[in-house]
Amino acid sequence: MKKALQKTRKPITAAFLLLPALLICFPVFLILTGSVMDSIELGQYLGPVFGSGEGFIRWKLMPDYPTFSNYGRLLFMTPAFFVLFWNSIKLVVCILAGQLLVGVPAAWAFAAYRVRGGRTLFALYVVLMLLPFQVTMLSSYLVLDRLLLLDTHGAIILPAVFSTFPIFLSYGGFRQIPEQLLEAARIDGAGEFLIFIRIGLPLGKSGLLSAIVLGFLEYWNLMEQPLAFLSVKSLWPLSLYLPEITWTQAGFALCASFITLIPAAFVFVMGQDYLEQGIIYSGLKE
């Protein structure tokens, strides 16, 4: 009886976990199928939305007459899409590079050195990490206005560079390095900078890479900060690219959404292992 229960437990558990996964992936599948539908077919399915507003939306998992005209139009006849794509690349690269230069040394200092008030200051960093953007939006706007950074990419890059979240994740990875190893390196005559480069970065890379992966996912999908600090649409990131949605433009919008999703999905898949390790480190108690 027990063996029979054990044999059936795994399939039941797998089916139970598979159902939420399918529900999560289902919208992505709808975006993919909708991006290869022509305007006539989409008009039939989305008629209740853009028409009289009566009735229910219908959808097919596979289009009757698939077409790639939406992709051709987006990739070859829409220069605005590539302008915003480049803006997203520029913002993400500059932000992540700045966080590595600012946040990683700060996390190493919190983790490797025991100074008076260090834990209190780190707790303050954690509290700042919990504050939503809506709380700091007005103060950030006033500071950026005095610095003449509004309507520039610096208004997005500068506050994000000094974010506390990468410090929190990197700190967890650095805290896993044994203090005895650091003391042994100091006894052997290694300087602090050499210890950081040769020991801290290689052994704490899981926290660093998890911060990079989460940072990419966050800043690739920025919406609130550009809307608050950028009034010039040519400076907007790709996450704000959305054409005027009508039943004739629905396939084009779905195509743009799917292409925007590809870089984020690629980075997540490539850094999934490091992301899991970084989350584990961040949850460990000292």
Novice: Check whether any side-chain heavy atom of L261 lies under 4.5 Å from a side-chain heavy atom of I31, and answer yes or no.
Specialist: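 Not in contact.
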
Novice: Counting distance only, does the side-chain N/O of Q99 pair as donor-acceptor with the main-chain N or O of A160 below 3.5 Å?
Specialist: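 Present.
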
Novice: Got a sec, which residues hit ring-ring contact (aromatic ring centres under 6.0 Å, His included) with W236, two or more places apart in sequence or on another chain?
Specialist: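 ring-ring contact (aromatic ring centres under 6.0 Å, His included) list for W236, sorted by chain: empty.
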
Novice: Looking at residues at least two apart in the chain, or sitting in another chain, which of them share a ring-ring contact (aromatic ring centres under 6.0 Å, His included) with F174?
Specialist: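 With sequence neighbours excluded, F174 shows a ring-ring contact (aromatic ring centres under 6.0 Å, His included) to W108, given in chain and number order.
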
Novice: If we only count heavy atoms from C-beta on, is the P237 to L240 side-chain gap below 4.5 Å?
Specialist: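 P237 reaches L240 side chain to side chain.
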
Novice: What's the shortest heavy-atom distance between F229 and S140, and which atoms?
Specialist: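 Closest heavy-atom pair between F229 and S140: CZ-CB, 3.9 Å.
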
Novice: Any side-chain heavy atom of T120 sitting closer than 4.5 Å to one from L124?
Specialist: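 A side-chain contact under 4.5 Å is absent here.
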
Novice: Considering all heavy atoms of both residues, which atom of I156 and which atom of L222 are nearest to each other, and what is their separation?
Specialist: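 Answer, listing the atom of I156 first, then L222: CG2-CD1, 3.5 Å.
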
Novice: What is the minimum heavy-atom distance between P63 and M37, and which atoms define it?
Specialist: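 Shortest heavy-atom separation between P63 and M37 comes out as CB-CG, 3.6 Å.
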
Novice: Output yes when a side-chain donor or acceptor of S88 lies under 3.5 Å from a complementary backbone atom of L238, and no otherwise.
Specialist: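 Here the side-chain-to-backbone pair exists.
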
Novice: Side-chain contact, heavy-atom cut-off 4.5 Å: V143 with L147?
Specialist: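 Yes, at least one pair of side-chain atoms sits under 4.5 Å.
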
Novice: Any luck finding a side-chain donor-acceptor pair between D38 and T67 under 3.5 Å?
Specialist: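 Note: D38 and T67 side chains miss the donor-acceptor criterion.
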
Novice: Report yes or no: does S170 contribute a side-chain atom to a donor-acceptor pair with the main-chain N or O of I167 at less than 3.5 Å?
Specialist: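 Not a single qualifying donor-acceptor pair exists.
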
Novice: Using ring-ring contact (aromatic ring centres under 6.0 Å, His included) as the criterion, list what pairs up with F26, not counting sequence neighbours.
Specialist: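 With neighbours one apart ignored, the set is empty.
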
Novice: State, to 0.1 Å, how close K233 and L84 come at their nearest heavy-atom pair, and which atoms those are.
Specialist: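 Residues K233 and L84, closest heavy atoms: O-CD1, 4.0 Å.
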
Novice: Would the distance check show the side chain of N87 and the main-chain N or O of S234 forming a donor-acceptor pair, the cut-off being under 3.5 Å?
Specialist: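 Answer holds: yes.
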
Novice: With distance as the sole test, does H153 use its side chain to make a donor-acceptor pair with the main-chain N or O of L235 at under 3.5 Å?
Specialist: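 At least one qualifying donor-acceptor pair exists.
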
Novice: Tell me, do Y113 and E192 make a side-chain contact under 4.5 Å, heavy atoms counted?
Specialist: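 A side-chain contact under 4.5 Å exists here.
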
Novice: Could you tell me if Y241 and T260 have a donor-acceptor pair between their side chains, going purely by distance under 3.5 Å?
Specialist: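 Absent: no donor and acceptor within the cut-off.
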
Novice: side-chain contact (heavy atoms from CB on, under 4.5 Å) between V213 and S210: does it pass, once the steps are laid out?
Specialist: CA-CA 5 Å; V213 173; S210 65; 5.7 Å; no

Novice: Find out if a path of hydrophobic residues (ILVMFWY) with successive side-chain heavy-atom gaps under 4.5 Å connects F252 to I262.
Specialist: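 The answer is yes; both residues are in one hydrophobic cluster.
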
Novice: Are Q225 and Y219 linked by a side-chain donor-acceptor pair shorter than 3.5 Å?
Specialist: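 Not at all, the side chains of Q225 and Y219 share no donor-acceptor pair under 3.5 Å.
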
Novice: Sub-3.5 Å donor-acceptor pair from the side chain of N221 to the main-chain atoms of L217, do we have one?
Specialist: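 A pair under 3.5 Å: yes.
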
Novice: Set out, in order, the CA-CA distance, both residues' side-chain angles and the distance that settles side-chain contact (heavy atoms from CB on, under 4.5 Å) for L101 and V161, then state yes or no.
Specialist: CA-CA 9 Å; L101 292 176; V161 165; over 6 Å; no

Novice: Just say parallel, tilted or perpendicular for the rings of F216 and W220, cut-offs at 30° and 60°.
Specialist: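 It falls in the parallel class, under 30°.
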
Novice: Are L214 and L100 connected into the same hydrophobic cluster when the rule is that any two of I, L, V, M, F, W, Y join if their side-chain heavy atoms are below 4.5 Å apart?
Specialist: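 In one cluster with L100: L214, yes.
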
Novice: Would you say F133 has more than 12 foreign heavy atoms packed within less than 6.0 Å of its CZ?
Specialist: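 Yes, the 6.0 Å shell around CZ holds more than 12 heavy atoms from other groups.
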
Novice: Check for a donor-acceptor pair, side chain of N70 on one end and backbone N or O of C255 on the other, with a separation under 3.5 Å.
Specialist: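 No, the answer is negative, given that no donor and acceptor are paired below the 3.5 Å cut-off.
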
